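Some notes on the structure that comes next.
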Amino acid sequence: MTVRAWWWVAASMALFSVASSSANDPVPGISLNLAEERAARISDLRYALHFDVPAEQKERVTGRVTAKFELKDASRPLALDFAAPAGSLGAVSAGGGPVEATWTNEHVVIPAAALRAGTNEITLEFRSADGPLNRNPEFLYALFVPARARQAFPVFDQPDLKARYTVTLDVPAEWEAISNGAQLSRDTAGGRATITFAETEPISTYLFTFAAGRFDVETASRNGRTFRMLHRETDAKKVTRNRDAIFALHAGALAWLERYTGIDYPFGKFEFLLVPSFQFGGMEHPGSVYYNASALFLDESATQNQKLGRASLIAHETAHMWFGDLVTMRWFNDVWMKEVFANFMAAKIVNPAFPEINHDLRFFYAHYPAAYGVDRTAGTNAIRQQLDNLNEAGSLYGAIIYQKAPIVMRQLEMLLGEAGFRDGMREYLKAFAFGNATWTDLITVLDRRTSEDLAAWSHAWVAEAGRPTLVTELNIDAQRLTAISISQKDPYTARGLQWSQPLVVAVAGEKQTRRMPVGLKSARTELAIRPPGAEVPLYVLPNADGVAYGNIVLDPASRAYLLANLERVDDELVRGVATVTLWEEMLDGRVEAAALLEALMRALPRERNELTVQRMLGYAQEAYWRWIPAAQRATLASRLERLLRAGLDAAPTTSLKSAWFNALRDVAVTLPTLAWLERVWSGKETVPGLVLSETDFITLAQELAVRGVPNAGKIIDEQIARTKNPDRRDRLAFVRPALSADAATRDAFFGSLTSLENRRREAWVLDALGYLHHPLRAERSATYVLPSLMLLREIQQTGDIFFPKRWMDATLSGHNSRSVAHTVRSFVEGLPPEYPDRLRRIILSSADDLFRVTAVQSR
Ligand SMILES: [Zn+2]
């Protein structure tokens, strides 16, 4: 390993006078201003990189980068991004001579005097921050998404400054290494190996990567292409069992995508690395994909769902090679595009191989309820959001990106037709290959292929938040149906937006169900009934195919019929849509919670679709705990518990048994059921056909404790003692005080959460909050709501990106009282104007159910 002298740039900082332009004195992170300014000045960018990776995890990785590029305007300074600990920047030179650069606010600013119009070459020596390199005792891997390359080396860290990378790695001699480029050479000397990689195609900084460590390598040839798989799996049988399927799935996905896009795989070699406990399912580095090892190496007992999950994951990352890697969003506000495309293509590639799964129903449940869950609230946001700085990119993610955007993309394809959509995608990929594009660029390409006004379509669906209210009305004349009309309304009346979308209306008669397709465009759409004068239908359900998106208002007769006869709807997709529609009707106060719970209790024992059973069980629990007043709950309890117990006994599969059991465990309040659960927990009784895991026993102990069973304390102590997994044991010990029957102990636990130290294990905190705010404890925990709201800002500043929303959800999930609703409302109303808008919206969206249930109560 080479040893270098380090010059500390900090010494020169005082000498450099700072002018007040954005390039001279950029704010931390990467502001949109800075990104636009640099994208306009820099072109033909190349990085030559060298990293020294010590064998010892505690020693820092060091390196050197040379950025070579064409510069337009050399009269102003130029900032690179580098966000590493103090002392991490070494010598800086430009065109071979030393430069007095300043390093401030996460930027290395090169003075104008060191720049010239035309070709520039800037070399910087550095020590990498460990964070994005994921250091482990025997390996490391770089993960730079969304803007963390700048923590590892000085770089122009924005997606639209694509560059060609040439990398050499100096690593322990026994380590393997990969990067985006193909390995060119490997020289070993003195216990170290120097590995050189070929120059890459132009790629964005978040897609650049390298990894090195003790990895095993599997190689396979498929369709004339060599695939390499690096992994750390020690179970040789597991590798043998899975390897062929993994290679075949990659080869199949590549072939499908080459055919669909009309573009050959653009990045030369194809390798992938299976990382133990990887933080995502996968990451689409061109030529060098990373996966969570457990998602690809399946156990022998793997279910169809796990196999579908693996195939989808591989297809998703492979699709990114075109969608995201070859053509990349210009800025992270369009990050949703690549994710939606990848999922969309993955479904096309994989679903036909799993014909036993109802994919339309699966898509419906996986997307609509969650998207509605945010989009119906006052805290919702548009799919496309403003992003002023890349350091806020994390806050873009949520149900609107993950769940609503795929719904919208599927409608876009229906609008253009499959072939039209494919041809549009081909044109788009070709036009922007190895470059960047925005959503608007795509819409411009697609707009030429349809008579539909795509700009208006995109405005309603992508640029604006919320969903249309779709009101059904039947014209019945002398006991004959003559017309059905659907009118759409914007819930934000002042905005008056109109959404266009395809809709299939189910008109159910005694003998048959007619499906009537219609294109919704204007405020009111009328469907003529031909021949006129058909019989009065049993029910009319807009959205029979689960494609349309909106708040569906049924006509009163259909609402009453479905509520009384949900289980008699034959088609499982229509029945699923009806179930979700009735739930949404309840949230709006058009269906009574007690009536819906009755309908679910009637339908559940007859339901055969596993997805629908799970959905119905979830709704039944939510209705029971939140929507049914406590006094009414008591009269319902034993009947509901008996029903769930019978469902558990009758369930034909393990996964169904576990769904029924979990529901019973979570609603149980009567003494006989609690006594039975306690016997199951203690092992005195077993549940036929169901093997409980350690996690199941822990949850059971917690649920018993929160119900205040007489020996609750002993149960938790014993559960802690018999828990073998140390992480789970520590977690239960952490949650213990939140389960206490003693209110003062719970108060003290809640008080401890004000200190950051006690909030570090966020999953544990959320667990504890859920029990602290359990409906059975809601009276006492109502006093925690205001302090929790006041903590939210600090939670955002100190926690993971998803923590604020989850914190609020866990805090409010158990409450349904007017006083708590009032606490939240007056807190929001009293917020100062400078309070972050995203946080305000998080509160409003988490409080939505609470607001709704109290609104219904007070009518
Ligand atoms: Zn992805």
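Every value quoted in this text rests on a predicted model; they were computed, and no experiment measured them. Quick note: numbers below take in every heavy atom, side chains included, and nothing from hydrogens, waters or symmetry partners. Start at 1 and go down the list; that is how both ligands and their atoms are numbered.
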Practice prompt. Specify whether an N/O/S atom of Glu284 falls short of 2.8 Å from the Zn ion (ligand 1).
Written response: no
Fill in: Whether Phe267 and Tyr265 hold their rings parallel, tilted or perpendicular, with breakpoints at 30° and 60°
perpendicular
Item to complete: For the pair Phe227 and His250, name the ring-plane relationship: parallel under 30°, tilted 30 to 60°, perpendicular over 60°.
Response: tilted
Worksheet item: Looking at the Zn ion (ligand 1), which N/O/S atom of Glu339 is the nearest one?
Response: OE1
Discussion item. By the ring-ring contact (aromatic ring centres under 6.0 Å, His included) test, which pairs, at least two apart or in different chains, include something from residues 292-312?
Written reply: His231-Phe297
Worksheet item: How wide is the angle at the Zn ion (ligand 1) between NE2 of His320 and NE2 of His316, to the nearest 10°?
Response: 90°
Under 3.5 Å, sequence neighbours excluded: what are the donor-acceptor pairs made by side chains of residues 340-356?
residue : atom : partner : partner atom : Å
Asn343  : OD1  : His316  : ND1          : 2.8
Lys348  : NZ   : Glu413  : OE2          : 2.6
Asn351  : OD1  : His359  : ND1          : 3.4
Asn351  : ND2  : His359  : ND1          : 3.4
Glu356  : OE2  : Gln304  : NE2          : 2.5

